[in-house]
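Naming: A, B, ... by sequence-line order, numbering from 1 per chain. Computed from a prediction, not measured in an experiment: that's the story for all the values here. All heavy atoms count here, side chains included; hydrogens, waters and symmetry mates do not.
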Amino acid sequence: MKYDFKQIEAKWQDRWEESGIFHASDDFSKPKFYGLIEFPYPSGAGMHVGHIKAYSGLEVISRKRRMQGYNVLYPIGFDAFGLPTENYAIKTGTHPRQVTDKNIERFTGQLKRVGFSFDWTRTVDTTEESYYKWTQWIFLKMFENGLVFRDTALVNYCPSCKVVLSNEDSQGGKCDICHSDIVQKSKDVWYLRITKYADKLLSGLDSVDYLPNIKMQQVNWIGKSTGAFVNFKLSVADEKLRIYTTRPDTLFGVTFMVMAPEHPLLEKYADRIANYADVVNYREECAKKTEFERTQLVKDKTGVKIEGIAAINPINGKEIPIFISDYVMMGYGTGAIMAVPAHDDRDYDFAKKFGIDIIEVIKGGDISKAAYTESGEMVNSDFLNGYTDKATSIAAMIKYLEEKGIGEEGVQFKMKDWAFNRQRYWGEPIPIVHCEKCGMVAVPYEELPLRLPNVTEFAPGEGGESPLAKIEEYVNCKCPKCGGAAKRETDTMPQWAGSSWYFLRYIDPHNSEAIAAPQKLNYWMPVDWYNGGMEHVTRHMIYSRFWHKFLYDIGVVNTEEPYAKRTAQGLILGPDGDKMSKSKGNVVDPNDTVDEYGADVLRVYILFMGDYASAAPWSESSVRGCKRFIERVAELPSLVKGSGVTPQLESKFHKTVKKVSQDIEELKFNTAIAAMMSLVNDIEAHGSITSDELMTFVRLLCPFAPHICEEMWEQNGGSGFCSLAPWPEYDEAKTVDATVEIAVQINGKMRSVILVPAKAEKDEAIAIAKMDEKIIAAIEGKNIVKEIYVPGRIVNIVVR
RNA sequence: GCGGGCGUGGCGAAAUUGGCAUACGCGCAAGAUUUAGGAUCUUGUGAAGCAAUUCAUGCAGGUUCAAGUCCUGUCGCCCGCACCA
């Protein structure tokens with residue numbers, strides 16, 4: 001068969017589209033498989049081969065599931081709101097709608113050329129009114145349920161994008177989008193109370209099958225810590241200074257207190273603080289520092305001692321000084337700490353710098369040199385003296401604190417509430433109206449979608465306000481409650497909103513009455529397998545798990561967790577081994593590879609490159625190797641002869657079917673393909689193949705290289721589509737050879753190879769080994785000390 | 001600093017989980033075919049040696065009949081979190 005991939009691939013892509021064989025059906029009697037990939041952001045750069053890799057894993061799984069008889073939902077869509085599109089619109093004056101449509105068209109074309117088995121009838125686009133209506137609907141439900149609040153806060157602000165960012169979007173003090181330095185700015189912020197779900201987000205991880213490193217990152221991000229809150233009295237007033245600590249058992253070692261420079265008690269007692277001017281000065285200096293400087297660069301301890309107010313250690317009545325320092329954050333715990341310099345590195349540095357006492361309460365280190373942070377025997381600690389176990393001494397102290405009413409057990413999370421608004425045009429309008437009389441009022445559900453007005457100016461205002469603020473007919477409205485004059489919220493939602501629930505919309509994408517029909521949700525959820533990039537493991541995944549858990553709590557969905565299983569693919573690096581980027585010019589466009597080698601070759605190569613989860617550089621010559629493989633596969637029909645199959649080749653077939661079937665489930669596509677290559681080598685060496693075997697092989701390869709397989713299936717008398725033909729079965733008995741080659745070692749060194757029956761007993765195997773010439777020579781005249789036989793593996797004779 | 005992972009030919013990588021190290025592919029070499037080759041096919045290909053053999057999984061030890069795999073130490077790289085109290 002001549003391998004004309006252009007003709008073959010176009011032909012089958014057309015047939016698949018016409019026949020609709022990849023459309024999921026709502027036949028609830030069949031077992032279902034919902035495979036989900038992260039829908040792309042349709043950027044102007046088009047897709048690169050990394051996208052293709054991200055979708056190829058579940059593509060193979062989904063195709064295999066269809067052949068196994070499952071009702072498969074493998075959908076695709078576009079996460080199209082966002083800054084890059086808007087920035088492009090500002091630069092070129094093109095409307096973001098037009099830019100988005102153009103980019104989606106281009107992405108769609110690229111995806112179709114690769115022959116992905118997506119259900120194209122269920123495509124979603126987060127920027128369509130029929131979609132964002134429901135994004136707004138969920139927001140209003142959250143508003144209704146007290147999960148939305150507004151606050152003035154110091155926020156991460158990107159001066160270049162003129163936008164407020166969540167902590168997640170400003171990691172390392174850099175803007176996630178333009179990489180400018182983030183500054184702290186006081187602003188009105190809409191928050192989603194994700195912290196209310198912190199515990200559920202953490203405990204839910206026990207019931208899902210995520211790769212261990214994915215779980216770990218989420219656990220880390222949620223950052224639960226257990227400890228205690230302790231109230232310290234102030235010397236000047238009947239006022240408590242409340243702190244959080246994970247080591248309440250070190251309370252006897254406290255020699256000073258530290259408050260965050262922004263701590264509200266400072267202002268409250270300003271008139272009692274003798275050096276209040278210094279405090280204000282220090283606070284202003286700190287505010288100038290970016291988060292990055294404050295947390296990364298300047299680890300040298302700075303601070304100011306509060307004159308005129310001290311704290312009383314509630315456990316021993318000692319008066320201790322209070323400092324302010326920027327190593328204590330207002331955003332974590334209570335914004336104040338008890339400092340135990342003997343057993344905390346940061347407190348130790350601070351105490352050394354300011355000449356404060358250091359009292360050892362845990363034995364084991366040398367506190368004249370450094371803080372001792374390991375565990376050990378408690379000393380100088382009254383009733384805790386002699387305790388050696390950390391958990392018991394903490395429990396004893398908490399018990400004491402609670403009895404005396406000076407503190408209690410407590411839990412803290414690193415995760416903060418989700419800053420949810422952006423001063424931008426290209427996002428979902430926040431459906432809230434500000435009324436002078438009624439306050440914040442929700443737009444009534446029946447008025448959704450609250451449409452994004454058509455504008456011509458997309459740039460944010462100099463004051464950082466949304467472009468929507470300039471449109472008077474949008475801003476001015478009537479209060480839905482009292483009917484009086486009111487103003488609309490002009491901020492929009494962040495990029496992460498639309499992607500927090502898209503997997504639900506695929507289930508019923510054209511439903512105008514609900515997110516999706518309940519019986520369909522019940523059938524399809526949860527997502528059986530979700531694959532995506534490691535970069536989305538903490539943001540998108542945590543946000544969407546939060547939304548899903550909320551929807552569960554209000555009875556919209558029937559599963560607590562959206563994703564039953566989550567895996568991640570590794571990057572494809574440029575041919576130079578660097579991360580692909582436009583600026584380096586090392587981006588590989590899948591279209592180029594499809595043009596030159598064909599979609600099947602591209603697919604096989606991407607999965608053959610190496611471990612699916614690891615990064616690997618692109619290699620053009622290795623692509624050619626995969627082309628050779630596909631071409632040799634295309635020639636297999638010429639080897640079909642009526643008979644003449646050897647037991648060895650038959651066994652190899654069964655072994656290969658078994659290996660490929662198993663490897664696919666473990667995302668070990670590289671070894672699955674290697675096994676098929678090896679089988680082709682053996683077939684060629686043998687010189688013939690039966691028609692049945694050919695058809696088995698074609699079905700086995702079909703999820704990887706579906707176009708050529710469909711063609712061969714048709715040419716060789718297969719009925720229907722190969723893509724729907726039954727997945728090959730194997731006979732376990734036939735994967736085992738009757739005789740096996742095993743190695744013979746003398747004293748653990750390989751000396752020979754013998755052929756023994758697979759079921760040989762120890763005596764038989766050793767007897768055969770001792771007849772081997774090389775072995776005879778090796779053991780001649782020596783004492784046999786020990787004989788080891790591992791069936792099917794090895795014989796080892798120990799001699800002296 | 002804390003947490004996780006990795007280190008195997010010239011290259012991408014395998015290794016049934018303690019049992020023939022280097023499968024599969026690339027590259028390279030020789031040959032065939034070709035007007036030509038960045039095409040195709042055949043053969044060879046960890047290193048040293050004429051050989052039998054010996055040495056090879058970052059480095060140094062250890063356990064074991066047997067170690068890429070387990071243990072101890074050490075070096076190097078990658079990722080995540082990070083003044084989180």
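Mapping Glu741(A) and Asp345(A) onto RNA chain B by nearest heavy atom places Asp345(A) closer to the 5' end of the strand. Summary of the strand contacts: Cys626(A) and Gly610(A) both lie near RNA chain B, and taking for each the nucleotide with the nearest heavy atom, the more 5' one is attributed to Gly610(A).
Phosphate proximity of G80(B) to Arg539(A): absent, as no side-chain N or O sits under 4.0 Å from OP1 or OP2. OP1 and OP2 of U16(B) both lie 4.0 Å or more from every side-chain N or O belonging to Lys668(A). Applying the 4.0 Å criterion to OP1 and OP2 of A14(B), one finds that Asn670(A) has a side-chain N or O inside that range. Phosphate proximity of G25(B) to Asn681(A): present, with a side-chain N or O under 4.0 Å from OP1 or OP2.
Following rounding to the nearest Å, Ile630(A) (CD1) and G25(B) (C1') show an atom-to-atom distance of 13 Å. The CD-C1' distance, from Gln217(A) to A82(B), rounds to 14 Å in whole Å. Between the CD1 atom of Ile606(A) and the C1' atom of C24(B) there is a distance of 18 Å, given to the nearest Å. Straight-line distance from the CD1 atom of Ile746(A) to the P atom of A66(B): 13 Å, rounded to whole Å. One interatomic measurement links the two molecules: CD of Gln218(A) to P of C81(B), which rounds to 13 Å at whole-angstrom precision. Rounded to a whole Å, the CZ atom of Phe629(A) is 9 Å from the P atom of G25(B). Rounded to whole Å, the distance from CD on Gln745(A) to P on A66(B) is 9 Å. With rounding to whole Å, Met750(A) atom CE is found 14 Å from U54(B) atom C1'.
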Might you list the N or O atoms of the protein lying below 3.5 Å from N or O atoms in nucleotides 6-9 of chain B, with each pair's distance?
none

Atom pairs, N/O to N/O, protein against nucleotides 40-45 of chain B, distance under 3.5 Å?
{"from": "U40(B)", "atom 1": "OP1", "to": "Arg628(A)", "atom 2": "NE", "distance (Å)": "3.3"}

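Of all nucleotides listed (G12(B), A85(B), U54(B)), A85(B) comes nearest to the side chain of Tyr244(A). Counting only heavy atoms from C-beta on, Val798(A) has its side chain closest to C65(B) among C65(B), A13(B), G3(B). Out of C81(B), C20(B), A85(B), the shortest distance to the side chain of Ile337(A) is found at A85(B). With distances taken from any side-chain atom of Met329(A) to the nucleotides C26(B), G25(B), A85(B), the minimum falls on A85(B). Of the candidate nucleotides G12(B), C20(B), C26(B), C26(B) has the atom nearest to the side chain of Ser622(A). The side chain of Thr671(A) sits closest to A14(B) out of G27(B), G12(B), A14(B). In this structure, the nucleotide among C65(B), C24(B), C20(B) sitting nearest to the side chain of Ala674(A) is C24(B).
Nucleotide U40(B) forms a Watson-Crick or G-U wobble pair with A32(B), both donor-acceptor distances falling under 3.5 Å. For U63(B), there is no paired nucleotide, since no Watson-Crick or G-U wobble pair has both relevant distances below 3.5 Å. Applying the Watson-Crick and G-U wobble criteria (two distances, each under 3.5 Å), G18(B) pairs with nothing in any strand. Base pairing analysis places C6(B) opposite G76(B); the two distances defining the Watson-Crick or G-U wobble pair are each below 3.5 Å. Remark: U69(B) base-pairs with no nucleotide; criterion is Watson-Crick or G-U wobble with both hydrogen-bond distances under 3.5 Å. Applying the Watson-Crick and G-U wobble criteria (two distances, each under 3.5 Å), C81(B) pairs with G1(B). Base pairing annotation: C50(B) forms no Watson-Crick or G-U wobble pair, as no partner gives both donor-acceptor distances under 3.5 Å. Summarising the base pairing, C24(B) is matched to G12(B) through a Watson-Crick or G-U wobble pair whose two defining distances lie under 3.5 Å.
Rounded to whole Å, the separation between the C1' atoms of A30(B) and C24(B) comes to 23 Å. C70(B) and A15(B) are spaced 14 Å apart, taking the P atom of each and rounding to whole Å. For the P atom pair drawn from G12(B) and C28(B), the interatomic distance equals 16 Å after rounding to whole Å. The same atom, P, is picked in G4(B) and in A13(B); the two are 24 Å apart, to the nearest Å. Atom name P, nucleotides C11(B) and U57(B): the rounded distance is 15 Å, in whole Å. Only the C1' atoms considered, C78(B) is 25 Å distant from C71(B), to the nearest whole Å. G73(B) sits 15 Å from U63(B) when the C1' atoms are compared, rounded to a whole Å. To the nearest whole angstrom, the two P atoms, one in A52(B) and one in U42(B), are 28 Å apart.
Salt bridge absent: Lys627(A) and Glu620(A) never bring a charged side-chain N and a carboxylate O closer than 4.0 Å. With respect to Glu732(A) and Lys658(A), a salt bridge is recorded, a charged nitrogen being found less than 4.0 Å from a carboxylate O.
Nucleotide U17(B) is shown with a syn base, its glycosidic torsion being within 90° of 0.
Aromatic rings from Phe256(A) and Phe350(A) are positioned such that their centres are separated by under 6.0 Å. For an aromatic pair to be called close, the ring centres must be under 6.0 Å apart, and Phe354(A) with Phe323(A) satisfies this.
Ala615(A) comes within contact range of the sugar-phosphate backbone alone, with a heavy-atom separation under 4.0 Å but no base atom that close. In this structure, Gly223(A) reaches neither bases nor backbone, as no heavy-atom distance under 4.0 Å exists between it and the strands shown.
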*Step by step, would you call Tyr210(A) with Leu205(A) a side-chain contact (heavy atoms from CB on, under 4.5 Å)?*
CA-CA 8 Å; Tyr210(A) 296 177; Leu205(A) 292 174; 3.7 Å; yes

*Run the numbers on Tyr348(A) and Val340(A) for side-chain contact (heavy atoms from CB on, under 4.5 Å), then give the verdict.*
CA-CA 8 Å; Tyr348(A) 189 88; Val340(A) 185; over 6 Å; no

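Asn796(A) contributes a side-chain N or O that forms a donor-acceptor pair with the base of C65(B) under 3.5 Å. For Lys301(A) against C83(B), a side-chain N or O and a base N or O form a donor-acceptor pair under 3.5 Å.
The distance from atom CE of Met378(A) to atom CD of Glu360(A), rounded to the nearest 0.5 Å, is 10.0 Å. Between the CD1 atom in Ile359(A) and the NE2 atom in His343(A) there is a gap of 9.5 Å [rounded to 0.5 Å]. Atom CE of Met676(A) and atom CG of Asn681(A) lie 13.0 Å apart (nearest 0.5 Å).
Side-chain atoms of Asp417(A) come within 3.5 Å of backbone atoms of Thr195(A) as a donor-acceptor pair (strictly under, hydrogens ignored). Judged purely by atom type and a 3.5 angstrom limit, Tyr244(A) has no side-chain atom pairing as donor or acceptor with the backbone of Val230(A).
Using modelled atom types and a 3.5 Å distance limit, the side chains of Thr735(A) and Lys659(A) yield no donor-acceptor pair. Donor-acceptor pairing under 3.5 Å is recorded for the side chains of Glu38(A) and His536(A).
Listed by chain and number, the residues in a side-chain contact (heavy atoms from CB on, under 4.5 Å) with Leu211(A) are Asn213(A), Ile214(A), Thr567(A) (sequence neighbours excluded).
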